[in-house]
Amino acid sequence: QVRMVVEGDLSTVNGYVSVVEPGRQAVLFDIDGTLTINDFEAYADYVGVKTAAAYGYATQTVNAYKAKGYQIIYLTARPYWVAKDAREWFDRQGLLAWHYRSNPYGDGPIPPNTQQHKTDYVKYLRNTVGLNIIRAYGNATTDIAAYADGGIPKADTWIIGENAGVDGTQAITGDYTYHYSTVVVNTPQSASCQ
């Protein structure tokens with residue numbers, strides 16, 4: 001975390017930098033409908049109606065990977081202007097707001113092409129940064145396509161919700177309880193930490 005301070009009025013803004021070595025093992029998570037119980041939770045959270053509800057054992061799943069030494073990546077189609085709210089949600093859930101990438105809504109169409117945004121970033125993480133993404137989590141068909149187009153095998157793509165198991169992906173049924181106790185707990189320490 002890097003905090004920048006304006007000398008004149010002492011206003012501040014936080015920035016975040018991730019430094020990783022090529023080959024670092026990582027686990028990638030979508031947020032809305034993947035960690036939260038549906039895609040619309042973020043909107044209620046953003047307007048202050050309520051705090052977005054997380055799936056059962058979603059927090060434990062993310063934190064278990066972190067404890068095992070994996071780089072955590074949050075890749076979302078949320079616009080950049082809700083990043084502060086997302087980081088506050090991570091705090092309330094007990095999640096480390098580690099590497100977070102939202103959609104910059106910059107030079108693309110509005111609404112943005114979610115699938116292309118995610119595909120491009122997965123390719124960047126794998127091909128330019130050199131991360132070894134061992135698992136990716138999502139809920140939407142755009143997640144499935146983006147992860148596949150980005151080079152993540154469907155055997156390593158875990159989907160929750162109505163699209164669970166679609167197109168050869170791995171299904172998470174209900175919430176993360178069973179997945180946590182059968183898959184995550186049995187995942188070895190990251191080779192990056194050994």
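The first residue of the sequence shown is numbered 1, and numbering continues consecutively from there.
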Would a distance-only check, ignoring hydrogens and angles, find a side-chain to backbone donor-acceptor pair under 3.5 Å from [X] to [Y]?
X: Asp30; Y: Thr76; result: no
X: Gln25; Y: Ala191; result: yes
X: Trp89; Y: Ala52; result: yes

### Message
Would you compute the distance between atom CD1 of Ile31 and atom CG of Leu95 and round it to the nearest 0.5 angstrom?
### Response
9.5 Å

### Task
Mind checking the OH-CZ spacing from Tyr70 to Arg135? Nearest 0.5 Å is all I need.
7.0 Å

### Task
Please name all residues satisfying side-chain hydrogen bond (donor to acceptor under 3.5 Å, both in side chains) with Asp9, sequence neighbours left out, ordered by chain then number.
Ser11

### Message
Asn127: which residues meet the side-chain hydrogen bond (donor to acceptor under 3.5 Å, both in side chains) condition with it, sequence neighbours left out?
### Response
none

Could you identify which residues cluster with [X], counting Ile, Leu, Val, Met, Phe, Trp and Tyr as linked when any side-chain heavy atoms lie under 4.5 Å apart, either directly or through a chain of such contacts?
X: Val166; value: Ile144, Ile159
X: Leu10; value: Val5
X: Leu125; value: Val20, Leu28, Ile73, Leu75, Tyr121, Val122, Tyr124, Val129, Leu131, Ile133, Tyr147, Ile152

### Query
Between His179 and Tyr137, is the ring centre distance below 6.0 Å?
yes

### Message
Is there a path of hydrophobic side-chain contacts, each under 4.5 Å between heavy atoms, that joins Ile172 and Tyr178?
### Response
no

### Query
When hydrophobic residues are tied together by side-chain contacts of less than 4.5 Å, even through go-betweens, does Leu96 share a cluster with Tyr100?
yes

### Task
Output yes when Asp149 and Lys123 qualify as a salt bridge under the 4.0 Å nitrogen-oxygen rule, no when they do not.
no

### Task
Enumerate the residue pairs fulfilling side chain to side chain donor-acceptor pair (under 3.5 Å) with a member in residues 53-63, sequence neighbours excluded, ordered by first and then second residue.
none

